[in-house]
Amino acid sequence: MASAAASAARFRPPAPVPRAEFPGIVALIRTLRDNPLEAWTRVHFDQPIVVARLPFGQVAVVSDPAAIRRVLLDNAANYRKDTLQRRIVSAGFNNGLLMAETEQWRFQRRTLAPLFTARAVAGFAPAMMEAAADLVARWRRAGDETIDVADEVTRLTLDVLRQTIFSDGFGRDTDDFRDAMRTYFDTIGQIDPFDVLNLPEMIPRLTRWKARPTLRFFESAVDAIIARRRGRLDREPEGVERDILTLLLEAHDGETGRGLTEVEIKANIITFIAAGHETTANSLAWSLFLLSQSPVWSERVAAEAARECGGPPEGMAARLPETRAVIDEALRLYPPLAAISRQALAPDELAGHAIPAGTTIVIAPYVLHRSPRLWDAPDLFDPSRFLEPARATIDRYAYLPFGAGPRICIGASFALQEAMLTLAEIMRSFRLAVAPGYAVWPLQRVTLRPRGGLPMRIVPRETGRSVAEPDRASRVHHQQAAPGP
Ligand code: HEM
C-alpha cells in the first residue's frame with residue numbers, strides 16, 4: 001500500500017494518449033517515421049497479444065508475461081533477432097555481442113561475462129564518480145544559465161565509457177577523439193530511411209556518407225589504441241591498467257581457451273559504447289526530468305544522497321534504495337529501448353495464438369510497463385512501487401528495461417550503478433526545473449529520449465534559492481496528449 005504522502009506525490013508525466021483505433025497504413029508509416037510511440041492503440045496496452053498483418057509481414061505485439069518468458073527464455077532458440085534491427089545497427093558492431101548469433105554469440109557471451117561481474121562493475125565506481133564530479137563542477141561554472149541536461153548527461157556517459165574502456169587516455173588527441181566519438185555514435189545512431197526500406201547495401205546511406213572521414217578517424221584511433229596497449233601488455237604486463245580494454249585483450253573462453261580476434265575486440269568496444277551511452281544517458285535525463293516535477297521525491301533523493309555520498313565508493317550504490325527506485329520508475333515510464341523484436345524460426349503458440357514461422361514478435365517495454373493488467377495506475381510516476389515490499393510483487397516478465405533471458409543486457413549493473421551514483425551526486429548538489437514554457441515530450445528514435453533535448457535551470461543547493469516551479473501551462477499541456485504537441 002502506498003502511503004498518503006507517496007500517493008499525493010504521484011503525477012502523470014507526458015506521454016501520448018493511446019489511439020482509439022489503428023491508423024490507416026499511410027498514417028501508420030508516417031507515425032512510425034516521426035515518432036513510433038504515437039502509433040500504439042488502446043488494445044495494445046489492454047490485450048496480452050495483438051496480431052496484425054502489415055505490408056512487411058505478420059507482426060505479433062506480445063505483452064503477456066508468460067508468453068514473453070517463452071520467447072526470451074524457455075523457447076529462445078526459436079526466436080532470432082530480426083532483420084530490420086540487424087540492418088539498422090549493422091556497420092561497426094556487426095561482429096560484436098549485440099548482433100552475434102548462435103555459436104559466435106555463445107562464445108562471446110561466455111568470454112565477455114567476466115568483464116561485467118558485480119566485482120568488475122564495482123571496480124568502475126571511481127571512474128563513474130569522477131565523471132559525475134566533473135559534470136557537477138561544469139554545472140557550477142555555468143551559474144544561472146539554462147543548460148541542456150540531455151546533452152550534458154550524454155557527455156557524461158561517453159566520458160564514463162571512455163574512462164572505463166581506455167583508462168590511460170589518448171595523449172594529446174583527447175578532444176579530437178571525444179568529438180570523433182560523439183559524431184561516430186550520433187551518425188550510426190540515426191536510422192537511415194534506406195535501411196527501413198531495405199534497399200541494398202550498395203546504395204550509399206547519406207547519413208553515413210557525410211560522416212565518413214570522422215568514422216574512419218574514430219575507427220583508426222581505436223586501432224591505434226589497441227595496438228599500443230598490446231605492446232604495453234607484452235612489455236610490462238603488471239603495470240597496465242585493469243580497464244575494459246585490458247580485460248578484452250586478455251579474455252579467453254573457459255571452454256575452448258580461445259581469445260577474441262582483433263575484429264571482435266574492436267566490434268565489442270564499439271558495441272559497448274553504442275549500446276551503453278545513449279541508453280544510460282536517457283535513463284538519467286528522464287530521472288532528472290521526473291524529479292524536477294516531484295518536489296517530494298526530489299527532496300527524498302537529495303536527503304539520501306547527502307547522507308551517503310562523500311563516503312567510499314565501494315557498496316555505495318547498495319546504500320541508495322530511493323535513488324534506485326526513481327531510476328527504476330524512469331526506466332518503467334520511459335524505457336530507453338522502447339521495443340525489442342525477434343523473428344520466429346518455426347511455428348509456435350503464444351498467449352493462445354498460433355504463431356506461424358517468420359512472424360515478427362515485438363516485445364515493447366513501453367507498452368508492457370503501462371499495461372493496466374500488470375500495473376496499478378500505470379501512467380503515474382510513483383517510485384514507491386520499486387521499494388520493498390511492493391517491489392517483490394512485480395512479475396519478472398512485466399518489467400523489462402534490460403530485456404530478459406540469455407540475451408539480457410550484459411551492461412545492466414554497469415548502467416544502474418552509473419545512473420545511481422550520478423543521480424545522487426547531481427541531486428545533492430542542485431535543484432532543477434524545466435526551462436519555463438518548454439514542453440517535454442518523449443520521442444522514440446533508436447532510444448526513447450526527450451524530444452529536442454531537456455533545457456533546465458539549475459540552482460546549487462547551498463545557495464538556499466529555489467528554482468521556479470515548473471511552468472503550470474506546460475504541465476497541463478503535457479497531460480493532454482496524442483499526438484505530441
Ligand atoms: C539504461 C541503460 C541500458 C538499457 C536500458 C539497456 C537495454 C538493453 C536491452 C533491452 C537489451 C536486450 C536487447 C534484446 O534482447 O534485443 C540490451 C542488450 C545489450 N546491452 Fe544494454 N542497456 C543499457 C546499458 C548498457 C551498457 C552500459 C552496456 C555496455 C557497457 C550495454 C551493452 C549491451 C550489450 C552488449 C547487449 C547485447 C547482449 C547480448 O545479446 O548478449 N548496455 N541492452
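Predicted model, so just to flag it, every value in this text is computed and none were measured. In each ligand, atom 1 is the first atom listed, and ligand 1 is the first ligand listed.
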S.K.: Could you tell me whether Arg451 sits above the aromatic face of Tyr334, with NZ or CZ closer than 6.0 angstrom to the six-membered ring centre and within 45 degrees of the axis?
M.R.: no

S.K.: Taking both backbone and side-chain atoms of Arg407, is any N or O found less than 3.5 Å from an N or O belonging to ligand 1?
M.R.: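 It does: an N or O of Arg407 is found under 3.5 Å from an N or O of ligand 1.
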
S.K.: With a 4.0 Å cut-off on heavy atoms, is Gln108 touching ligand 1?
M.R.: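 Contact absent.
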
S.K.: So, do Leu248 and Ile269 sit near enough that their side-chain heavy atoms are less than 4.5 Å apart?
M.R.: yes

S.K.: What I'd like to find out is whether the side chain of Arg106 reaches to under 4.5 Å of the side chain of Arg109, using heavy atoms alone.
M.R.: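 No, side chains not in contact.
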
S.K.: I'd like to know whether the aromatic ring centres of Tyr438 and Phe289 sit less than 6.0 Å apart in this structure.
M.R.: no

S.K.: Before signing off on this row, confirm whether Thr280 and ligand 1 have an N or O atom pair separated by under 3.5 Å.
M.R.: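 No, no N or O pair falls under 3.5 Å.
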
S.K.: Going by the closest heavy atom to atom 36 (C) of ligand 1, which one wins out of Leu98, Leu161, Ile269?
M.R.: Leu98

S.K.: Could you check Thr359, Ile361, Asn78 and say which one makes a side chain to side chain contact (heavy atoms under 4.5 Å, CB included) with Asp348?
M.R.: Asn78

S.K.: Using a strict cut-off of less than 4.0 Å between a Lys/Arg side-chain nitrogen and an Asp/Glu carboxylate oxygen, indicate whether Glu329 and Arg10 qualify as a salt bridge.
M.R.: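 Judged by the 4.0 Å cut-off on N to carboxylate O distance, Glu329 and Arg10 do not form a salt bridge.
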
S.K.: Going by heavy-atom distance to atom 5 (C) of ligand 1, choose the closest among Ser283, Pro401, Ala100, Ala76.
M.R.: Pro401

S.K.: Which atoms of ligand 1 sit under 4.0 Å from any heavy atom of Pro336?
M.R.: 5 (C)

S.K.: Could you tell me, atom by atom, which parts of ligand 1 come under 4.0 Å of a heavy atom of Phe414?
M.R.: 27 (C)

S.K.: Please check whether Trp105 reaches ligand 1 - meaning an N/O of the residue sits under 3.5 Å from an N/O of the ligand, judged on distance alone.
M.R.: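 Yes: some nitrogen or oxygen of Trp105 is under 3.5 Å from one in ligand 1.
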
S.K.: Return the option from His277, Arg109, Arg342 holding the heavy atom at the smallest distance from atom 14 (C) of ligand 1.
M.R.: Arg342

S.K.: Show me which atoms of ligand 1 lie under 4.0 Å from any heavy atom of Ala415.
M.R.: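 So the atoms of ligand 1 that pass are 1 (C), 2 (C), 24 (C).
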
S.K.: Could you tell me whether Arg373 and Asp46 have a side-chain N and a carboxylate O separated by less than 4.0 Å?
M.R.: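 Here Arg373 does not pair with Asp46 in a salt bridge, since their nearest N and O are not under 4.0 Å apart.
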
S.K.: Find all atoms of ligand 1 within a distance of less than 4.0 Å from any non-hydrogen atom belonging to Ile410, and give their numbers and elements.
M.R.: 34 (C), 35 (C)

S.K.: Specify side chain, backbone, both or neither for Phe402, according to which of its non-hydrogen atoms lie closer than 4.0 Å to ligand 1.
M.R.: both

S.K.: Mark the output for Lys81 as yes if a heavy-atom distance to ligand 1 is under 4.0 Å, and as no if none is.
M.R.: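 Checking ligand 1 against Lys81, which is what was asked, there is a heavy-atom contact under 4.0 Å.
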
S.K.: At a non-hydrogen distance cut-off of under 4.0 Å, which region of Glu418 contacts ligand 1 (side chain, backbone, both, or neither)?
M.R.: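 Neither part.
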
S.K.: Could you please spell out the steps behind the side chain to side chain donor-acceptor pair (under 3.5 Å) verdict for Thr164 and Asp243?
M.R.: CA-CA 6 Å; Thr164 49; Asp243 56 12; over 6 Å; no

S.K.: Are Asp253 and Thr256 side-chain neighbours, meaning at least one heavy-atom pair lies under 4.5 Å?
M.R.: yes

S.K.: Has ligand 1 got any nitrogen or oxygen that is less than 3.5 angstrom from a nitrogen or oxygen of Thr279?
M.R.: no

S.K.: Counting heavy atoms only, name the option from Cys409, Gly276, Gly403 that's nearest to atom 42 (N) of ligand 1.
M.R.: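 Considering heavy atoms of Cys409, Gly276, Gly403, the nearest to atom 42 (N) of ligand 1 sits in Cys409.
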
S.K.: Can the ring centres of Phe386 and Tyr399 be said to be less than 6.0 Å apart?
M.R.: yes

S.K.: Counting heavy atoms only, which of Leu115, Thr447, Leu337 comes nearest to atom 9 (C) of ligand 1?
M.R.: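 Among Leu115, Thr447, Leu337, the closest heavy atom to atom 9 (C) of ligand 1 comes from Leu337.
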
S.K.: So, Arg407 side chain and Leu98 main chain: donor-acceptor pair closer than 3.5 Å or not?
M.R.: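 Yes, the answer is positive, given that a donor and an acceptor are paired below the 3.5 Å cut-off.
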
